[in-house]
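Quick notes on the structure that follows.
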Amino acid sequence: MIPASQPTQRPPNARLLVIDRYGRLTHMRRTSFDGLLSPGDLVVANDATALPASLRGVHLPTGCPVEVRLAGRRSLDETSDFTAVIFGAGDFHTRTEDRPAPPRLNPGDRLRLGPLSATVERLLEHARLVDLHLDGPADTIWAGLARHGRPIQYAYVPVPLELWDAWSPVAGRPVAFEPPSAGFALDWRAVEGIRSRGATFATLTHTAGISSTGDFELDRRLPFDEPYRISKSTAAAVESARAHGSRIIAIGTTVVRALEHAARQDGRVHAGDGLATQRIGPGSQLRIVDAILTGVHEPGTSHHQLLQAFADDATLRRAGEELDAMGYRTHEFGDSVLIERKRCRQPGA
């Protein structure tokens, strides 16, 4: 597949592959998404804003350069303790899987990250995955991130990203480590189009994590545990849509993960904070979400695995062949796919 190499969130020629509940495939412009909605449908997006979560610095015990990528936190309110992936020298111009390992890390090691300082608290059974404590009060940490941090970036986009490249128009609180990029398909005109169709638009906040660590074994542990928050109004909108038999359409994998986790106890989405710990895949029984609008994900990734809860392997293989043949673009600035949750029989069968 072809990665999108330009940091343009809503190019006018962006495409959408629709996979309906019977496995039928249709190609269309992404701007036509709202025309697929019916009155009563509920569209839910993630309003988390991406932090400048890439921090270059020095491993003080050795003097070696490192890049720290913040990758996890236990709650949306946490400001100093993070899970982090640490690389050696280099930057995004080198493919993540080709990045060198950091110097040997040990608990208690100190890092200098521009104006910030940090301590390795714990090693997490991998040479580059640690629990990291950022020193200082919250306002000092926020100021340091703003001054020194950069958006996490991968080599397929050759130019440095600006922070606003990773912010969608519906973004709110800065709590994500990478952008919930399915939301790049939306702007306020699209939201107006959703509402003009008689559908409802709502948001939740989910700490979207990193999409790649550069290491196959570590990538198999993705996604990491991710905190989320669902407002009372969004929880009520979900329950209202379900009560009326309307579809719930998630904008991105993070929304699926949050809604399904929030309903794990009794099948109802409850307002409040949670920590999504589950992996969603082919064996998962979706209880809340009926369809997902997402980016073009490559097989073998955790994002693609989640799509197997919506469509069977044969349908996803056919879709992958279509995406390849039509030159759809992958990754956060690429094209999109809309998948309705599978049904067993063709209409009229």
Side-chain angles (χ1 to χ4, degrees), residues 9-10 14-21 26 28-49 167-173 176 179-206 208 228-263 268-271 276 280 286-297 303 306-307 309-311 332 334-342:
Q9 293 187 7
R10 283 168 297 283
R15 291 174 292 177
L16 176 65
L17 175 65
V18 179
I19 307 173
D20 75 9
R21 66 190 66 183
T26 305
M28 58 197 310
R29 287 186 175 274
R30 194 167 68 188
T31 52
S32 302
F33 164 67
D34 58 357
L36 301 172
L37 301 176
S38 300
D41 284 347
L42 172 64
V43 178
V44 184
N46 184 358
D47 65 6
T49 297
W167 291 357
S168 75
V170 301
R173 190 175 179 186
S181 56
F184 287 172
L186 303 177
D187 57 14
W188 290 111
R189 181 176 297 177
V191 172
E192 181 182 358
I194 290 168
R195 290 171 171 158
S196 72
R197 299 287 298 183
T200 302
F201 180 76
T203 62
L204 55 78
T205 305
H206 182 287
Y228 63 85
R229 180 170 296 156
I230 298 175
S231 67
K232 291 181 179 179
S233 61
T234 294
V238 170
E239 291 307 307
S240 176
R242 297 181 70 202
H244 290 88
S246 300
R247 294 183 304 171
I248 297 170
I249 301 165
I251 305 297
T253 59
T254 57
V255 174
V256 177
R257 200 170 183 219
L259 291 176
E260 295 296 332
H261 188 270
R268 298 183 61 190
V269 171
H270 298 275
I280 297 176
L286 298 176
R287 308 175 77 175
I288 303 299
V289 180
D290 300 294
I292 179 174
L293 177 72
T294 186
V296 177
H297 302 302
H303 294 83
L306 183 143
L307 303 184
F310 288 86
E332 65 266 40
D335 297 303
S336 299
V337 177
L338 177 68
I339 309 178
E340 287 190 286
R341 195 162 66 187
K342 58 193 172 188

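Because only heavy atoms are used, hydrogens play no part in the values below, and waters and symmetry mates are left out as well, while side chains stay in.
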Return the minimal non-hydrogen interatomic distance between [X] and [Y], and the atom names on each side.
| X | Y | value |
| --- | --- | --- |
| Ser168 | Phe184 | CB-CD2, 3.9 Å |
| Thr49 | Gly172 | OG1-O, 2.7 Å |
| Gly40 | Ala241 | O-CB, 4.4 Å |
| Gly193 | Asp34 | CA-OD2, 3.3 Å |
| Ala48 | Ala171 | O-CB, 4.1 Å |
| Ala271 | Ala235 | N-CB, 3.8 Å |

Answer yes or no: is there a donor N or O on one side and an acceptor on the other, between the side chain of Ser240 and the main chain of Ala237, under 3.5 Å?
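No; zero donor-acceptor contacts below 3.5 Å.
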
Short side-chain to backbone donor-acceptor contact, Gln9 and Trp167, under 3.5 Å
yes

To the nearest 0.5 Å, how far apart are [atom1] in [X] and [atom2] in [Y]?
| X | Y | atom1 | atom2 | value |
| --- | --- | --- | --- | --- |
| Glu239 | His270 | CD | NE2 | 7.5 Å |
| Arg15 | Arg29 | CZ | CZ | 10.0 Å |
| Ile339 | Ile292 | CD1 | CD1 | 7.0 Å |
| Asp47 | His206 | CG | NE2 | 12.0 Å |
| Leu286 | Phe310 | CG | CZ | 5.0 Å |

Just grab all the side-chain hydrogen bond (donor to acceptor under 3.5 Å, both in side chains) pairs involving residues 183-195, residues at least two apart or on different chains.
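Residue pairs passing side-chain hydrogen bond (donor to acceptor under 3.5 Å, both in side chains), neighbours aside: none found.
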
Keeping to residues at least two apart or across chains, list the side-chain hydrogen bond (donor to acceptor under 3.5 Å, both in side chains) pairs with something in residues 244-260.
Asp41-Arg247, Asn46-Thr254, Glu226-Arg257, Arg247-Glu340

I'd like to know whether CZ of Arg173 has more than 12 heavy-atom contacts from other residues, nucleotides or ligands below 6.0 angstrom.
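Check passes, neighbour count above 12.
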
Run Arg242 and Ile288 through side-chain contact (heavy atoms from CB on, under 4.5 Å) and show every step you take.
CA-CA 8 Å; Arg242 297 181 70 202; Ile288 303 299; 3.4 Å; yes

Determine which pairs satisfy salt bridge (Lys or Arg N to Asp or Glu O under 4.0 Å) with at least one residue from residues 288-297, sequence neighbours left out, and list them in order.
Asp290-Arg341

With sequence neighbours left out, what residues match Phe33 under ring-ring contact (aromatic ring centres under 6.0 Å, His included)?
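Applying ring-ring contact (aromatic ring centres under 6.0 Å, His included) to Phe33 gives none.
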
side-chain contact (heavy atoms from CB on, under 4.5 Å) between Val256 and Thr294: does it pass, once the steps are laid out?
CA-CA 11 Å; Val256 177; Thr294 186; over 6 Å; no

Within the 4.5 Å heavy-atom criterion, are [X] and [Y] side-chain neighbours or not?
| X | Y | answer |
| --- | --- | --- |
| Ile249 | Leu36 | no |
| Ile230 | Val238 | no |
| Thr26 | Asp20 | no |
| Val337 | Leu307 | no |
| Leu338 | Leu16 | yes |

Any chance you could lay out the side-chain contact (heavy atoms from CB on, under 4.5 Å) test for Val289 and Val255, step after step, and finish with the verdict?
CA-CA 9 Å; Val289 180; Val255 174; 5.6 Å; no

Of all residues at least two apart in sequence or in a different chain, which pass the side-chain hydrogen bond (donor to acceptor under 3.5 Å, both in side chains) check with Thr234?
Ser231

With Arg229, which residues qualify under salt bridge (Lys or Arg N to Asp or Glu O under 4.0 Å), at least two apart?
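Partners of Arg229 under the salt bridge (Lys or Arg N to Asp or Glu O under 4.0 Å) test: Asp77, Asp273.
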
Could you verify whether a donor N or O on one side chain and an acceptor N or O on the other, from Ser336 and Arg30, lie under 3.5 Å apart?
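Side chains of Ser336 and Arg30: pair found under 3.5 Å.
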
Applying side-chain contact (heavy atoms from CB on, under 4.5 Å) to Phe201 and Val170, what does each step give before you reach the verdict?
CA-CA 11 Å; Phe201 180 76; Val170 301; 4.2 Å; yes

